[in-house]
Amino acid sequence: MNRTLDLATSFAATVARLGGGLRVERLGPRPALPLELYEFEGCPYCRKVREALTVLDLEALIHPCPKGGSRFRTLVRERGGKEQFPYLVDPNTGKAMYESSEIVRYLFAEYGAGSVPFLYGFAPLVDVTAGLASAWRLGAGVWAEPSKAPEQPLELWSFEASPFCRLVREVLCTLELPYRLHNVGKGSPSREAFVERAGKMQVPYLADPNTQIEMFESESSGRRGATPTRRATEP
Ligand SMILES: N[C@@H](CCC(=O)N[C@@H](CS)C(=O)NCC(=O)O)C(=O)O
């Protein structure tokens with residue numbers, strides 16, 4: 001897909017979801033450890049959960065499980081009994097679960113104000129609009145491509161509704177690259193620390209601890225041969 005079409009359809013996906021996953025809402029207790037999510041970007045049910053992570057300003061270790069992939073899918077089968085996504089593991093409470101609606105309810109109960117806001121909780125609306133969002137991207141972020149496994153997970157600063165961030169998450173997913181997802185939706189208390197690190201408020205921002213490369217710009221992050229900056233190592 002060319003860049004203009006990529007951006008237009010990624011934006012259409014955000015519009016289809018009525019802007020879900022843009023802004024932080026009322027927060028509850030903060031988890032000590034990041035959550036772990038097994039998912040794939042083109043899956044509408046997984047989007048519901050990623051939106052909740054943004055709204056609740058939660059960090060997660062993302063294990064991409066695209067169709068045809070082998071890096072993390074077997075873990076889900078071994079642990080939960082079947083290959084179905086999303087699959088959430090919360091090391092803070094020992095809970096592990098399938099079913100997007102149940103996961104969303106759990107997240108708002110545990111780390112939000114308790115009840116699930118309409119945009120994320122009214123199942124018929126959420127399922128149809130999340131399905132449309134995936135449809136707009138024409139199968140991007142669904143199928144695995146061959147890749148080299150990194151030694152350490154990458155890090156991505158992002159929020160679900162950003163059409164630019166989606167393009168990067170799709171590539172991370174397709175290549176089965178695990179990453180720590182730092183959500184910095186509008187109103188996020190995590191934005192201050194991010195700006196201190198990156199120098200300005202702009203996402204996506206990708207950091208690769210394997211190469212010390214850090215970069216803004218979705219087009220560069222998703223491409224081989226990009227022009228990133230190398231993070232100065234501590235003396
Ligand atoms: N009711 C489930 C449906 C989940 C579901 O059907 N997920 C699909 C992906 S969109 C899946 O896991 N397919 C199996 C596969 O990809 O191998 C939920 O809401 O989480």
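Start at 1 and go down the list; that is how both ligands and their atoms are numbered. Quick caveat: nothing in here was measured; it's all calculated off a predicted structure.
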Colleague: Cation-pi between K67 and F85: NZ/CZ under 6.0 Å from ring centre and within 45° of the ring axis?
Modeller: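 Pair K67/F85 does not count as cation-pi.
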
Colleague: Does any N or O atom in K67 lie less than 3.5 angstrom from one in ligand 1, N or O only?
Modeller: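 Yes, there is a polar N/O contact under 3.5 Å.
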
Colleague: Do Q202 and E217 come within less than 4.5 Å of each other through their side chains, counting heavy atoms only?
Modeller: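 Side-chain contact under 4.5 Å: yes.
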
Colleague: Output yes when the distance from some N or O of ligand 1 to some N or O of R73 is under 3.5 Å, and no in every other case.
Modeller: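 N/O-N/O distance below 3.5 Å exists for this pair.
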
Colleague: Hey, does the side chain of R30 reach the backbone of Y111 with a donor-acceptor pair shorter than 3.5 angstrom?
Modeller: yes

Colleague: Are any of the N/O atoms in S100 less than 3.5 Å from those in ligand 1?
Modeller: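 Yes, at least one N or O pair falls under 3.5 Å.
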
Colleague: What verdict does the side chain to side chain contact (heavy atoms under 4.5 Å, CB included) test give for R71 and H63, after you've listed the backbone C-alpha separation in whole Å, the side-chain angles of each residue and the deciding distance to 0.1 Å?
Modeller: CA-CA 9 Å; R71 207 161 282 158; H63 300 280; over 6 Å; no

Colleague: When you look for heavy atoms under 4.0 Å from ligand 1, do you find them on the side chain of Y45, its backbone, both, or neither?
Modeller: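 For Y45, the contact with ligand 1 is made by the side chain alone.
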
Colleague: Per the ring-ring contact (aromatic ring centres under 6.0 Å, His included) rule, which among Y45, Y87, Y38 passes with Y98?
Modeller: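 Per the ring-ring contact (aromatic ring centres under 6.0 Å, His included) rule, the option paired with Y98 is Y87, out of Y45, Y87, Y38.
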
Colleague: Check each heavy atom of E83 against ligand 1 and say whether those closer than 4.0 Å belong to the side chain, the backbone, both or neither.
Modeller: backbone

Colleague: Angle between ring planes, Y205 versus F216, binned at 30° and 60°: parallel, tilted or perpendicular?
Modeller: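 Plane angle between 30° and 60°, so tilted.
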
Colleague: For F85, is the nearest heavy atom under 4.0 Å from an atom of ligand 1?
Modeller: yes

Colleague: Enumerate the atoms of ligand 1 whose separation from the nearest heavy atom of Q84 is less than 4.0 angstrom.
Modeller: 2 (C), 4 (C), 12 (O)

Colleague: Under a 4.0 Å N-O cut-off, is there an ion pair linking E41 with R169?
Modeller: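 Result for this pair is yes, salt bridge flagged.
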
Colleague: With a sphere of 6.0 Å drawn around CD of E192, does it hold more than 12 non-hydrogen atoms of other residues, nucleotides or ligands?
Modeller: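 Open.
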
Colleague: Would one find an N or O of E99, backbone or side chain, under 3.5 Å from an N or O of ligand 1?
Modeller: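 Yes, E99 has an N/O under 3.5 Å of an N/O on ligand 1.
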
Colleague: What part of Y98 sits under 4.0 Å from ligand 1 if we count only heavy atoms: the side chain, the backbone, both or neither?
Modeller: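 Within the 4.0 Å criterion, Y98 makes no contact with ligand 1.
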
Colleague: Which residue and non-hydrogen atom of the protein lie closest to atom 10 (S) of ligand 1, and at what distance in Å?
Modeller: C43 SG, 2.9 Å

Colleague: Considering only heavy atoms of P86, which atoms of ligand 1 have at least one such atom less than 4.0 Å away?
Modeller: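 The list of qualifying atoms is 20 (O).
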
Colleague: Can you name the nearest heavy-atom pair linking I62 to E39, along with the distance?
Modeller: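 Between these two residues, the closest heavy atoms are CG2-OE2, 3.3 Å.
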
Colleague: Can you name the atoms of ligand 1, numbered from 1 with element, that are less than 4.0 Å from a heavy atom of F40?
Modeller: 9 (C), 16 (O)

Colleague: Less than 3.5 Å between some nitrogen or oxygen of P44 and one of ligand 1, yes or no?
Modeller: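 Checking ligand 1 against P44, no N or O pair falls under 3.5 Å apart.
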
